[in-house]
Amino acid sequence: MASNRAARLAQLNANAPEWGAVSHVETVPFGGRLKIERFRLKNGLELLACEDRSAPVVAYHTWFRVGSRHEREGKTGLAHLFEHLMFNEVEGRASGEFDRLLEEAGAESNASTWLDWTQYNIAIPKEKIGLVIGLEAERMSRLVLREPQVTSEKEVVANERRFRVDDDVEGSVSELLWATAFNRHAYRWPTIGWMKDIEGFTTDDCADFYRTYYAPNNATLIVVGDYVESALLEKIARAYGAIPPSMLPVEDYQAEPPQTAERRSEVKKPTPTEKLAVGYHSPALGDFDHLSLSLLVDVLFGGRASRMHQSLVRKQELAADVRASVGPFRDPGLFEIFASARDGHRAEELLLAIDQELERACKDPISNEEIERARARTELGLIAGLETAEGKASTIGFYETVLGRPAAAFERLDAIRRLGPSDLLRAARRYFSDSARSVIFVRAELAGQAQKAAE
Amino acid sequence: MSQPNVVSQVEPNLLVEPSQDLPLVSVSVAFRMGALEDPPGGEGSVRLLGRLMRRSAGGRSAEANDALIEGMGAGLGADVTQSTVSFHGSVIARSLDRFGEFLIDALARPSLPEDELARLKRETLAELVETLDDDRSLARRWFRKTLFAGHPYGRSAGGTKAGVESATIDSLRALYRRLIVPENLVVALAGDVTIERATRFAAELASALARGERLVDRTPEPSVRAGRHLLLVDKPERTQTQIIIGGSGSHPADPDHFALSVANTAFGGTFTARLMQEVRSKRGWSYGAYSSLPYDRRRQAFSMWTFPKAADAAACIALELEMLEKLRRDGLSKNELAWAKRYLVRSHAFAVDTAAKRVGLKLDATLYALPAGYYENYTENLRAVTLEQANRALKERLSDEDLLLTLVGTEALVGKPVRDAIPRLEGSDVVRYDAE
C-alpha cells in the first residue's frame with residue numbers, strides 16, 4: 001500500500017503545478033475502524049483524508065487557523081464578517097454562483113467562526129467531489145470583494161448579531177461575561193464583533209484580512225467519505241497547486257494576567273425571570289487539566305442525574321435550567337455556568353446553591369459511580385457525533401486545528417478512562433476559586449408577569 | 001460495506017436496519033397518536049405522560065432512573081407531536097440489553113406516582129415561562145395557534161399553563177391506558193443490532209403492554225380564515241422583528257404534493273432560492289429567509305420566516321407579499337424548476353446517509369400514514385414534476401390573500417408602519433407576548 005502510494009505520488013508530482021507537489025506525512029488511526037492519511041502540498045496546505053464508504057457522500061472541510069483572536073480593538077468581528085463574504089463572488093463567476101452550483105449538485109454547505117478558527121464545510125454526493133475541490137480552491141485565492149456586497153453583508157451580520165445577542169438574553173449575558181472575565185487576551189471580545197465595529201468595516205479591511213490569513217499554509221483540508229485517494233490527490237494538487245504560500249504575521253499574543261479578585265456585574269434584561277452567569281478561568285484544551293475539569297463539570301452539570309440538576313432543579317426547585325461547559329480553546333478560556341431562576345427566586349439564591357455544590361466538590365472526592373456515569377456520557381457524545389461523514393470531518397478538523405492532532409478525540413477518551421477521584425479533586429481545588437471568577441446577575445424587567453405567562 | 005443499506009420491515013410494526021459502522025444503536029418506540037389526545041383544556045397532558053413514564057420506569061424514583069440511563073451510556077427523550085408520542089434514544093451497543101429492559105420498564109411498568117407528577121408540573125410550568133425568552137418559538141406558537149384557531153392543530157403539544165395545571169394523575173393514567181397499547185405501537189432500531197435481537201425486543205415490549213384499541217385519527221381537515229390578518233405579539237425592547245407569514249399548505253396525499261414541494265424549494269427552500277436572494281443577499285434585511293411546507297396527517301401550513309431589524313420590518317413584509325403574489329401569478333421559470341429538482345433529488349443523499357436516518361424516514365411514513373411508497377419513490381416523484389404541474393400547484397394550493405401575518409416585536413416601533421405596509425389588511429390584533 002505504502003509503496004503503491006509512493007509510486008503514485010511520484011507520478012503525480014512529476015506533472016504537478018509549481019506549489020502542488022504532494023507528500024504523504026503520516027497515517028493516524030481514527031477509532032477502531034478508520035484511519036486518517038495526512039498529506040502536505042508544497043505550498044504548506046495540509047490535507048487529512050479519511051476514507052469511509054458507509055455512505056456514497058463526501059464531507060469536504062477547509063479549516064483556517066484564523067479566528068476572532070487574530071483581530072484587534074476597533075476591528076472586532078472581522079473574521080466572522082469575512083466568513084460571510086467568502087460565499088459571495090470569485091473571479092470569473094457571477095455573484096452567488098458558488099452557492100448555486102453547490103446546491104444544484106445537492107450539497108449542504110455552511111461555515112462557522114470562533115475564537116481560534118474559521119471553518120467551511122460542504123457535504124456532497126461523492127460523484128460531485130471535483131466540483132467542490134475546484135470551487136474551494138478558487139475562493140481561497142481569487143475572491144472578489146466589492147463595496148456593495150461588503151455593505152450588504154455588514155447589514156446581514158448586524159441582523160445576525162441582533163438575533164443571537166441583542167435580542168437574546170443568554171447571548172448578551174455570555175458576551176458580557178467574557179468581556180468581564182478577560183482584560184487583555186483577545187478572547188475578551190465576541191466573535192460576532194461589537195456592533196459599532198461591524199458597522200465600521202471597509203472593503204479595504206476585508207481585502208487586507210483576506211491577503212493576510214487566507215493562504216494554503218494557514219489551512220487544512222479535511223476530506224471524509226467515499227472517494228478514491230489517487231483521484232482525490234490529483235484533483236487537489238491541480239486545484240490548489242498554483243496558489244503560493246504567504247508570509248503569515250506573528251500573532252500579537254497578549255497573555256491574560258491572573259485574576260485575583262472576583263468581578264461582579266448586574267444587568268437588567270426584558271425577561272420574566274432572573275438569570276445567573278458565572279465564568280471561572282479554565283485551562284486550554286491541550287492542558288491535561290482540561291480533561292479532569294471537563295469530566296468534573298459533567299459530573300456536576302451534565303444530564304439530569306448531575307449534582308446541579310438534582311439540587312437546583314429537582315430538590316430545591318430554584319432553577320428552571322442550569323448548565324455549564326468548559327471552553328475548548330487553544331488558550332485558557334472559561335468554564336461557563338448559566339442558570340435561569342424560577343419565578344419568584346433570585347439569582348443570588350442560584351449562586352448560593354451552586355457554590356454549595358462547588359465547595360462540596362472541593363472538599364469530598366467524587367464517587368467512582370458518578371465518574372463512571374460521566375465517562376459513559378462522554379463516550380456516547382463522541383460516538384454519536386461520528387455517525388455521518390460531516391460529523392467525522394468536524395471532529396477531525398476541530399482537533400487538528402486547535403491541538404494539531406486529528407484523532408485527539410479518541411486520545412481524550414482514552415485519557416478520561418484513566419482519570420480518578422484524585423484528578424477531579426485536584427481540578428476542583430485548582431479552578432473553583434472565587435477570586436478567579438466573574439459573576440453576572442441578570443435582573444428581570446418583566447418579573448411578576450410570569451404567572452400570567454405560558455398559556 | 002458489510003451489508004446492503006436496507007431497512008427491513010420485519011413485522012408491520014417493526015423496522016430494523018443493522019449496521020456495524022459504529023458501536024451505537026438508535027432505538028425509537030413510537031405510538032400512533034400524540035397531543036391530539038390531550039383532553040379539552042388539558043394541553044400538554046400527553047407530554048406530561050411521556051415524561052412521567054420515563055421518570056417512573058419500573059417503579060423506581062426519577063433520580064434512580066436518570067442515573068441508570070446515563071450510567072449505561074444512553075440518552076432517552078420523550079417527544080410529543082400532535083400525531084405521535086415517540087421515545088427515542090441512543091445507546092452504546094454494549095448496553096443495548098440493559099437499555100431494552102429500561103425501555104420496557106418505562107413503557108409497560110411505569111408507576112406514574114402522584115408526587116412526581118406534582119414536581120413535573122412545577123418543572124414544566126417553569127420551562128414554559130422560560131420559552132418566553134425565545135422570540136422565534138413565540139412567533140411559531142402564536143402563528144399555529146391563530147392560523148389553526150378552533151382546530152386541534154392550533155393547540156400546543158408542549159402545553160399551556162392552564163393545561164398543565166389541570167392534569168391529574170387519574171387523567172394521565174387514563175391517557176396511558178388509551179395511548180400506550182401494542183395496537184398503536186411502532187418500533188424502529190438501527191445500528192449495531194441484529195434483526196433477531198430487535199425482533200425479540202419488540203416482542204417482549206408488545207407482550208408486556210396491556211392490550212387496548214388501535215386509535216384512529218378523526219381530526220377534521222383544518223380550514224384557514226379568509227383575508228389578510230395581522231397578529232402582532234408585543235414584546236418590549238425588540239431590536240428586530242420575528243415575522244411568519246403563511247396560510248394553507250400541503251397534504252402528502254395531494255396529487256400535486258411533490259410539485260408544490262419543488263416549487264417551495266425554488267421559492268424559499270435554500271440559500272440561493274428567491275426569498276433568500278431578495279431579502280438577505282440583495283438587501284441584507286434578515287439573517288435568514290426561508291419558506292416551509294411541513295406535513296402531518298392533515299393539511300399543514302405554508303409559511304415564510306424572516307427576522308429583520310425593527311426599522312426594516314414593514315418593508316420586508318411588503319416585499320414578501322409582493323414576492324408571493326408574483327410567484328403565484330407568474331410561476332417558476334423552467335430553469336428554476338430544473339435547478340430545484342436537481343437540488344432535491346441529489347441532496348436526498350443526506351436524508352439517507354445513516355442507518356438511523358433511513359429507519360427514521362420509514363418510521364415517519366408509518367406514523368404519519370404517508371401514501372404507499374412515499375419515500376421509496378421520493379426521488380422519482382420529484383424528477384417527474386413538470387413546470388406546468390408546479391405552477392398550477394402554486395396557484396391552486398397557496399393563497400396570497402388568505403394569509404396570517406404573525407410578528408413578535410415591539411408594537412410601538414413596528415405596529416403602524418407594518419399595518420400601513422400590508423395591502424388589503426382585513427384584521428389586526430395586538431397581544432402581549434405573555435398573554436392568554
Side-chain angles (χ1 to χ4, degrees), chain A residues 33 53-57 96 99-100 103-108 123 125 128 151-156 158-160 162-163 166-167 169-170 270-273 303-305 310 313-314 317 320-321 340 342-343 369 372-373 376-377 379-380 383-384 386-389 445-446 449-450 452-455, chain B residues 1 19 21-24 62-63 66-67 70-75 90 92 119 122-123 125-133 135 160-162 235-240 270-272 277 280-287 307-309 339 342-343 345-350 353-354 356 434-436:
Chain A
R33 201 175 60 84
R53 301 213 164 154
S54 57
V57 298
D99 285 312
R100 197 72 173 171
E103 287 184 350
E104 186 169 29
E108 311 278 343
K128 298 289 181 183
T151 302
S152 172
E153 212 56 50
K154 280 163 57 180
E155 191 56 36
V156 170
N159 275 314
E160 183 181 354
R162 292 181 187 103
F163 178 60
D166 299 340
D167 280 6
V169 175
E170 190 171 344
T271 175
T273 56
R304 299 180 55 83
Q310 290 294 322
V313 178
R314 277 193 67 80
E317 300 192 10
D321 184 28
S340 297
R342 292 201 193 183
D343 195 24
E369 185 192 341
E372 198 51 55
R373 206 160 56 222
R377 281 173 47 83
E379 186 179 1
L380 177 66
I383 296 172
L386 299 177
E387 280 196 275
T388 61
E445 287 180 344
L446 310 178
Q449 300 174 358
K452 293 185 295 183
E455 288 191 82
Chain B
M1 275 177 285
S19 163
D21 289 337
L22 289 171
L24 186 73
E63 290 90 339
D66 287 333
E70 291 173 17
M72 65 178 84
S90 293
I92 297 171
R119 187 193 302 270
R122 293 193 296 273
E123 260 184 63
L125 290 170
E127 289 163 6
L128 288 174
V129 171
E130 289 305 303
T131 63
L132 298 176
D133 278 335
D135 292 0
T160 62
K161 181 170 181 281
K235 190 172 177 186
E237 298 178 42
R238 300 298 87 195
T239 69
Q240 66 180 192
T270 77
F271 193 81
T272 66
Q277 287 301 300
R280 172 174 159 151
S281 300
K282 286 187 187 167
R283 296 169 176 84
W285 279 349
S286 175
Y287 177 61
F307 41 104
K309 70 181 177 193
W339 170 85
R342 280 196 286 269
Y343 166 74
V345 168
R346 288 168 175 163
S347 66
H348 188 63
F350 300 104
D353 61 342
T354 68
D434 58 352
E436 192 119 3

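Just so it is clear: chains get the letters A, B, ... in the order the sequence lines come, proteins before strands, and each one is counted from 1.
Within the 4.5 Å cutoff, no side-chain heavy atoms of R238(B) are placed close to those of R162(A). Residues R283(B) and E155(A) are not in side-chain contact: their nearest non-hydrogen atoms beyond the backbone lie 4.5 Å or more apart. Residues L446(A) and P236(B) meet the side-chain proximity criterion, which asks for heavy atoms closer than 4.5 Å.
Annotation: maximal heavy-atom pairing with chain B below 4.5 Å, among A384(A), A158(A), S152(A), occurs at S152(A). Taking D166(A), V169(A), V57(A) one by one and counting their heavy-atom pairs under 4.5 Å with chain B, the maximum is reached by V57(A). In terms of heavy-atom pairs under 4.5 angstrom with chain B, the leader among E153(A), R373(A), R304(A) is R304(A). Ranked by heavy-atom pairs under 4.5 Å with chain A, the list M72(B), K309(B), K282(B) is led by K309(B). With chain A as partner, the option from A356(B), A67(B), A74(B) having the largest number of non-hydrogen pairs under 4.5 angstrom is A67(B).
When heavy atoms are compared at a cutoff of 4.5 Å, Q310(A) approaches chain B solely by way of its side chain, counted from C-beta outward. Heavy-atom distances place the side chain of E317(A), and not its backbone, under 4.5 Å from chain B. Heavy atoms of K154(A) lying under 4.5 Å from chain B are absent altogether. For S281(B), the part lying near chain A is the backbone, with the side chain staying farther off; criterion is any non-hydrogen pair under 4.5 Å. Residue contact with chain B, scored on non-hydrogen atoms closer than 4.5 Å, involves the backbone of A107(A) exclusively. Residue T270(B) touches chain A through both its backbone and its side chain, counting heavy-atom pairs closer than 4.5 Å. Only the side chain of F350(B) comes within contact range of chain A, judged by heavy atoms closer than 4.5 Å.
One distance of note links CG of D133(B) with OG1 of T273(A); it measures 6.0 Å at 0.5 Å rounding. Distance check: R314(A) CZ to R122(B) CZ gives 9.5 Å after rounding to the nearest 0.5 Å. The distance from atom CZ of F163(A) to atom OH of Y287(B), rounded to the nearest 0.5 Å, is 8.5 Å.
In terms of heavy atoms, I92(B) sits closest to A376(A) at CD1-O, 3.9 Å. Here the shortest heavy-atom pairing between K235(B) and P270(A) reads CE-O, 4.4 Å. Taking all atoms of both residues into account, the shortest heavy-atom contact from E103(A) to Y343(B) is O-CD1, 3.0 Å. Between G284(B) and N159(A), the shortest heavy-atom distance links the atoms O-ND2, 3.0 Å. Contact between E108(A) and S347(B) at its shortest, heavy atoms only, is OE2-CB, 3.7 Å. Contact record, L380(A) with G73(B): CD1-O, 3.6 Å, taken as the closest heavy-atom pair.
Using a 4.0 Å cut-off between a side-chain N of Lys or Arg and a carboxylate O of Asp or Glu, E127(B) and R342(A) do not qualify as a salt bridge.
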Could you go step by step and tell me if D21(B) and L386(A) meet the side-chain contact (heavy atoms from CB on, under 4.5 Å) rule? CA-CA 10 Å; D21(B) 289 337; L386(A) 299 177; over 6 Å; no
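Proximity of a side-chain donor or acceptor of R280(B) to a complementary backbone N or O of V156(A) within less than 3.5 Å is not detected. Listed for the E123(B) side chain is no donor-acceptor partner under 3.5 Å among the backbone atoms of V313(A). Formation of a donor-acceptor pair under 3.5 Å by the D353(B) side chain with backbone atoms of T388(A) is not found in this model.
Side-chain polar atoms of S340(A) and E130(B) form a donor-acceptor pair below 3.5 angstrom.
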